[in-house]
2 protein chains.
Amino acid sequence: MSLDVASLAHSMRDRLPPKHDAGWTLGISRPEAMAEPAEKAARHLDLPARQTILDEGDEARSLHVILEGSVMLSKLLPDGRRQIIELLGPGDVFGLCINRLSDVTAETVLPSRIVVYDRAVAESSPSLQRLVADRMKAQICALHDHAMLLGRKNAVERVATFLMRLVPNRGGQGCAGPLAAGKADQAQVHVTLTRQEIADYLGLTLETVSRAFSLLKRQGVLAYGRHDDVTIGNVCRLCQCTGSH
Amino acid sequence: MSLDVASLAHSMRDRLPPKHDAGWTLGISRPEAMAEPAEKAARHLDLPARQTILDEGDEARSLHVILEGSVMLSKLLPDGRRQIIELLGPGDVFGLCINRLSDVTAETVLPSRIVVYDRAVAESSPSLQRLVADRMKAQICALHDHAMLLGRKNAVERVATFLMRLVPNRGGQGCAGPLAAGKADQAQVHVTLTRQEIADYLGLTLETVSRAFSLLKRQGVLAYGRHDDVTIGNVCRLCQCTGSH
DNA sequence: CGAATAGTTGAAACTAATCAAGTAAAGTGG
DNA sequence: CCACTTTACTTGATTAGTTTCAACTATTCG
């Protein structure tokens with residue numbers, strides 16, 4: 001039993017993205033073996049980037065599972081302050097809430113394919129239930145990390161942490177660490193969010209995010225021409241900037 | 001082993017007054033009908049306040065359900081910065097993680113009763129599964145709110161939001177709002193966390209928390225002599241200070 | 001090519017952190 | 001029971017980091 005879970009968990013973590021850019025350009029893809037349960041009563045959505053799926057306060061009686069692409073969840077304060085709460089990728093779920101109203105707005109970041117299950121269907125399928133429980137655990141851990149970032153990290157640490165998420169298989173618990181040093185430890189990441197979106201995710205202003213990028217560039221940790229194609233010269237060095245190592 | 005812990009807990013317990021309003025003094029109790037599933041293979045813990053249950057990085061292969069009391073989950077950065085991630089009450093669950101290691105430290109805030117189910121047991125009981133799924137949804141929503149607080153609210157808003165959580169049946173989605181105005185809208189709350197803990201929860205320093213308390217007191221929103229027994233003169237007025245309304 | 005959008009950079013303002021001193025309450029030992 | 005220590009909280013002065021405001025640059029799109 002525990003061996004089962006262990007090997008599944010392990011394969012989840014080490015698997016590489018199945019397709020080119022879709023998920024991991026955001027660094028949030030965890031494209032594990034995803035149960036594809038009975039497709040009865042499931043609606044499929046095929047959405048372009050920056051499309052709203054669900055508004056804060058909307059009726060939310062269905063379970064959404066991301067097949068491909070990425071989705072961001074955000075909240076607004078009455079005076080317009082926005083916080084992007086979660087960045088989700090393939091396998092992640094959203095749209096579930098205790099009371100029937102969504103507590104967040106959900107919109108695509110990239111063109112995305114999403115399956116929508118009716119609440120009743122979702123709750124009657126054990127395999128779906130299992131998928132949902134596992135993803136929720138993962139998302140809770142991600143929210144824990146993010147609370148630490150928002151509560152205790154400074155601007156550069158936040159931006160560095162964000163960028164590390166974009167590097168597949170790094171920055172998490174299983175970060176290779178300085179072990180891998182010595183060999184060229186370069187990475188290319190594609191930043192799909194605007195500076196404003198990054199700011200709203202990191203609890204900063206877009207100016208502060210821009211300054212942090214510029215600082216890391218000036219220090220030689222990053223290099224970029226177009227602002228969305230970033231080369232990380234030494235991943236470990238960037239990792240050192242996150243405050244977590 | 002577990003007996004050891006239990007008896008230790010009992011001997012230390014006498015030093016602290018066991019209050020039975022324990023849960024809601026933190027405002028986090030949601031004492032609904034909680035399924036009490038097959039108690040087989042369940043270990044019960046009876047712990048005094050400020051007792052560590054689980055350390056960040058510990059093996060975490062069991063599901064913990066809070067029956068009574070309250071528990072805080074926290075994380076540390078290598079340089080000692082701490083963030084309290086969640087404040088949990090009766091019915092809430094913790095100790096589950098995708099990989100086998102706990103991502104947080106868990107410790108009691110009040111004397112607490114906790115059931116610990118072995119992972120295998122938890123995963124084989126449909127009723128437990130259901131409980132866990134529901135609680136996780138609720139906790140995710142709470143984490144969403146908290147991310148908004150940490151990312152976008154100022155010091156006074158954070159403290160006001162924290163205090164509102166201590167008022168039963170207020171501050172949430174179902175806040176009565178200014179409707180209830182006119183009648184005396186007073187509340188007494190017992191603050192069980194120290195200023196340092198509140199600060200670690202709200203992403204502030206203890207001095208800033210203290211100043212926010214003092215400011216709200218000076219403005220007549222709060223009154224208190226002993227720093228842990230706070231009278232909220234007008235709940236709606238405090239609610240106005242949270243930034244959420 | 002001009003307009004619009006996104007990003008960068010600088011200076012000033014402001015909020016919260018830090019440093020430091022002082023007060024209040026609780027616990028300890030004579 | 002009282003001085004003494006410890007712990008928790010408060011308050012003030014100063015500093016640091018981020019936000020705000022503003023100007024400017026680069027890129028994308030009709």
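Below, all heavy atoms of this structure are taken into account, side chains as well, without hydrogens, waters or symmetry copies. Reminder, nothing fancy here: chain letters follow the sequence lines and each chain counts from 1.
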Whole-Å distance, A:Lys153 NZ to D:dT18 C1', equals 18 Å
B:His227 has an atom NE2; how far is it from atom C1' of C:dA25, in whole Å? 7 Å
Rounded to the nearest 0.5 Å, how far does OG of A:Ser214 lie from CD of A:Gln219? 11.0 Å
Assess whether a salt bridge exists between B:Arg81 and A:Glu157, defined as any Lys/Arg side-chain N lying under 4.0 Å from an Asp/Glu carboxylate O. yes
Check: B:Ser244/B:Lys153 side-chain N/O donor and acceptor closer than 3.5 Å: yes
Looking only at side-chain N and O atoms, does B:Tyr224 come under 4.0 Å of OP1 or OP2 in D:dT10? yes
Quickly, which of B:Ile198, B:Thr208, B:Leu202, B:Leu163 forms a side chain to side chain contact (heavy atoms under 4.5 Å, CB included) with B:Arg158? Name it, please. B:Leu202
Between A:Glu197 and A:Arg50, is the closest basic N to carboxylate O distance under 4.0 Å? yes
Starting at atom CZ of B:Arg211, determine the distance to atom P of C:dT18, rounded to an integer number of angstrom. 12 Å
On the nucleotide C:dA24, are OP1 or OP2 found under 4.0 Å from the side-chain N or O atoms that B:Arg226 carries? no
Check each residue of residues 199-210 of chain B for a non-hydrogen atom within less than 4.0 Å of any atom in DNA chain D, then write out the ones that pass by number, or none. B:Glu207, B:Ser210
Please determine whether a side-chain nitrogen or oxygen atom of A:Arg195 lies at a distance below 4.0 Å from atom OP1 or OP2 of C:dT8. yes
Tell me whether A:Gln83 contacts the main-chain N or O of A:Asp200 through its side chain, where contact means a donor paired with an acceptor under 3.5 Å. yes
Once you round it to whole Å, what is the distance between C1' of C:dA6 and CG of A:Asp229? 15 Å
In whole angstrom, what separates B:Leu150's CG from C:dA16's C1'? 15 Å
Specify the separation, in whole Å, of atom CD of B:Gln196 and atom C1' of C:dA17. 13 Å
Rounded to whole angstrom units, what separation is found between the CD atom of A:Glu197 and the C1' atom of C:dG7? 14 Å
May I have the distance from A:Arg152 (atom CZ) to C:dA17 (atom P), rounded to whole angstrom? 7 Å
Can the ring centroids of A:Phe213 and A:His227 be said to lie less than 6.0 angstrom from one another? no
